[in-house]
Amino acid sequence: MELVQFVAVLLAAFGLVSLAWLALGFLLLPGGCAARMVVDARDGADGLEQTVKAMVWLRRTGLWRGEIVIEDCGLDEDGGLLARTLAGQSGVVFSGDEPDRV
């Protein structure tokens, strides 16, 4: 019986330390991030979907706070459609849709 109580106390202490560590990490995170991640997309946008989903995962988990931009560096028709779809689904900015872009 003493072994069960010891394991229970040990797990409770580990849980408390883990919660304190998470709270400290949350307090140390900056409030906002002026930085942005820019993905250069070319041709058929090979690997664009996986890259954008990885960046959105970082933002969703709170490991990174900032803007994600897909930069049109010569996308073809299929690549542009994929970039627009990703931008619409995940709140990413697509530079090919900006009217004042040079």
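When all heavy atoms of Gly79 and Asp76 are compared, the closest pair comes out as N-OD1, 2.8 Å. For the residue pair Ala83 and Phe94, the shortest heavy atom distance occurs at CB-CE1, 3.5 Å. Nearest heavy-atom pair across Glu67 and Arg59 is CA-NH1, 4.4 Å.
The distance from the CG atom of Leu27 to the CG atom of Leu22 is 11.0 Å, given to the nearest 0.5 Å. To the nearest 0.5 angstrom, Cys73 atom SG is 4.0 Å from Asp40 atom CG.
Applying the side-chain contact (heavy atoms from CB on, under 4.5 Å) criterion to Met37, with sequence neighbours excluded, gives Met55, Leu58, Trp64. Annotation: side-chain contact (heavy atoms from CB on, under 4.5 Å) contacts of Ala41 (sequence neighbours excluded): Leu48, Ile70, Leu75. Qualifying side-chain contact (heavy atoms from CB on, under 4.5 Å) partners for Ser18, counting only residues two or more places apart in sequence or in other chains: Phe14.
Between Glu71 and Val39, every side-chain heavy-atom pair lies at or beyond the 4.5 Å cut-off. Inter-residue side-chain proximity for Val56 and Val92 is flagged as met; some heavy-atom pair is nearer than 4.5 Å.
Every pair passing salt bridge (Lys or Arg N to Asp or Glu O under 4.0 Å) that includes a residue from residues 45-57 is listed here, sequence neighbours excluded: Glu49-Lys53.
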